[in-house]
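Report on the following structure.
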Amino acid sequence: MGTLDGRVAIITGAGRGLGREHALLFAAEGAKVVVNDLGGDIHGEGADRAPAQIVVDEITAMGGEAIANTDDVTDFDAAERMIRQAVDKFGDLHVLVNNAGILRDKMLVNMTEAEWDAVIQVHLKGHFCPTRHAAVYWREQSKEGKEVKAAIVHTSSTSGLLSNVGQTNYGAAKSGIATFSQICAKELGRYGVRSNAITPMARTRLTESTPGLADIVKPPGEGAEFDRWDPGHVSPMVAYLSTADCPFTGETFLVQAGRVTRYRSWQFAETIDKGDARWAVAELIDEGLKLAPGEDEPVSKLGHRS
């Protein structure tokens, strides 16, 4: 008996990399899976039905149930069809894993408007569209008196939460996804829906193309005992967050190999306070330095404390 028996899951960007690993594990744990993948390259260009169908064939060969979907997650109407396809085929929907993404890395001063728009579109709108339609479905189920134990898992990134040079578009989108997940948790909890995010650290087409990561994420040499960058190591946490009785919602987790770390969201730190009085600029010149990070606060790679 699997931990996801009877659960119906949609996994976007599931034709390769992390999404493929998620789909295979979900099926192995008893879930019925909609394998969504447009089949584009890492820049979001082109389309190919093969990747999604290949994963479906792998799941079927292992005795699982899955169907392919090649809709564009940034297309509002297509995202609604994807939700409906899951319900029509498998009778319900319990899990949405938003995983699809692209890269168009460039230093800010060289980035074009098209490169910014494309990444924001695929990541942020590509999370919004499926989530919005799944949320409507679950709200309707809840209003009809049905018990809903639904889960959404969003894919953020350390590039968004911790920042990374050369990825202003990607980082901004991924940071937005983490906040989007928190708001989803607050809005949808009343309908029985939990929302969490992960920042995976694994070898994928995207990380292999990320500045500074190409050499780090290489497969280990022959005889190595453990491949810390194997994308399959991330999937168990995604599956756990998707189980019917997982208690977490509104959280974000870093996942790599055997390590899972919960993030603390934005927190208040140093404060200066005049009470019911307005600061003068001259006063802030004198007092503002009290807002500087303490000596025990870690220093970021960029040279300031973070």
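- Nearest approach of Ala151 to Ser242, heavy atoms of both residues: CB-CA, 3.8 Å.
- Other residues, nucleotides and ligands contribute more than 12 heavy atoms inside 6.0 Å of the CD atom of Glu144.
- Under the 3.5 Å distance criterion, with hydrogens and angles disregarded, no donor-acceptor pair is assigned to the side chains of Thr158 and Thr199.
- Residues Ile83 and Phe26 do not share a hydrophobic cluster, clusters being chains of Ile/Leu/Val/Met/Phe/Trp/Tyr side chains in contact below 4.5 Å.
- A salt bridge links Glu283 to Lys274: at least one charged side-chain nitrogen sits closer than 4.0 Å to a carboxylate oxygen.
- Of all non-hydrogen atoms in His127 and Ala100, the two that sit nearest each other are CE1-O, 4.4 Å.
- Taking both residues in full, the closest heavy atoms of Val234 and Ala202 are given as CG2-CB, 4.0 Å, listed atom of the first, atom of the second, then distance.
- Every residue was checked against the ring pair (Phe, Tyr, Trp, His ring centres under 6.0 Å) condition with Tyr137, not counting sequence neighbours, and none meets it.
- With contacts defined as side-chain heavy-atom distances shorter than 4.5 Å, the pair Lys174/Leu161 does not qualify.
- The nearest pair of heavy atoms linking Val255 to Met237 is CG2-CG, 3.8 Å.
- The closest side-chain heavy-atom distance from Leu24 to Ile59 is below 4.5 Å.
- Shown are Asn98, Thr155, Leu38; of these, the side chain to side chain contact (heavy atoms under 4.5 Å, CB included) with Thr12 is made only by Asn98.
- The nearest pair of heavy atoms linking Leu93 to Ala86 is CD1-CB, 4.3 Å.
- Using a 4.5 Å cut-off on side-chain heavy atoms (C-beta onward), Leu4 and Thr243 make contact.
- Atom NZ of residue Lys186 and atom OG of residue Ser181 lie 11.0 Å apart, to the nearest 0.5 angstrom.
- With sequence neighbours left out, His94 forms a side-chain hydrogen bond (donor to acceptor under 3.5 Å, both in side chains) with Asp92.
- Between the CD1 atom of Ile198 and the CD atom of Gln256 there is a distance of 12.5 Å, given to the nearest 0.5 Å.
- Using a 4.5 Å heavy-atom cutoff, the side chains of Arg7 and Lys149 are in contact.
- Residues Trp138 and Val8 share a hydrophobic cluster, clusters being chains of Ile/Leu/Val/Met/Phe/Trp/Tyr side chains in contact below 4.5 Å.
- More than 12 heavy atoms of other shown residues, nucleotides or ligands fall within 6.0 angstrom of atom CE in Met62.
- In this structure His22 satisfies the ring pair (Phe, Tyr, Trp, His ring centres under 6.0 Å) test with no other residue, sequence neighbours excluded.
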Original post:
Tyr191 and Val148: side chain to side chain contact (heavy atoms under 4.5 Å, CB included), yes or no, with the steps?
Top reply: CA-CA 7 Å; Tyr191 307 124; Val148 176; 5.7 Å; no

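- Within the 3.5 Å criterion, the main-chain N or O of Gly13 finds a donor-acceptor partner in the side chain of Asn99.
- In this structure Asp88 satisfies the side-chain hydrogen bond (donor to acceptor under 3.5 Å, both in side chains) test with no other residue, sequence neighbours excluded.
- Within the 4.5 Å cutoff, no side-chain heavy atoms of Leu103 are placed close to those of Val119.
- Contact record, Leu96 with Ala134: CD2-CB, 4.2 Å, taken as the closest heavy-atom pair.
- Under the 4.5 Å side-chain criterion, counting only non-hydrogen atoms from C-beta, Thr252 is in contact with Tyr263.
- The hydrophobic cluster containing Phe90 also contains Ile10, counting ILVMFWY residues as joined when their side-chain heavy atoms lie under 4.5 angstrom apart, directly or transitively.
- When the side chains of ILVMFWY residues are joined at heavy-atom separations under 4.5 Å, either directly or via intervening members, Val55 and Ile11 end up in a single hydrophobic cluster.
- Partners of Glu58 under the salt bridge (charged side-chain N to carboxylate O under 4.0 Å, His left out) rule, at least two apart in sequence or in another chain, are Arg20.
- A heavy-atom distance below 4.5 Å is not found between the side chains of Tyr240 and Val260.
- Asp71 contributes atom CG, which lies 11.5 Å from atom CG of Asp37 (distance to the nearest 0.5 angstrom).
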**OP:** Begin from the C-alpha positions of Leu241 and Cys246 and carry the test side chain to side chain contact (heavy atoms under 4.5 Å, CB included) through to its verdict.
**Re:** CA-CA 6 Å; Leu241 293 172; Cys246 177; 4.0 Å; yes

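- Val73 and Leu18 end up in different hydrophobic clusters when Ile, Leu, Val, Met, Phe, Trp and Tyr side chains are linked at under 4.5 Å.
- In this structure, Phe253 and Phe248 have perpendicular ring planes: the angle between them is above 60°, well past the 30° mark.
- Using a 4.5 Å heavy-atom threshold, the side chains of Lys106 and Trp116 count as separate.
- Atom CG of Asn169 is separated from atom CG of Leu124 by 11.0 Å, given to the nearest 0.5 angstrom.
- Aromatic ring pairs are classed by plane angle as parallel below 30°, tilted from 30° to 60° and perpendicular above 60°; the pair His123 and Tyr170 is perpendicular.
- Distance NZ/Lys125 to OG1/Thr131: 13.5 Å, rounded to 0.5 Å.
- Each side-chain hydrogen bond (donor to acceptor under 3.5 Å, both in side chains) pair with one or both residues in residues 78-87, not counting sequence neighbours, appears once here: Asn69-Gln85.
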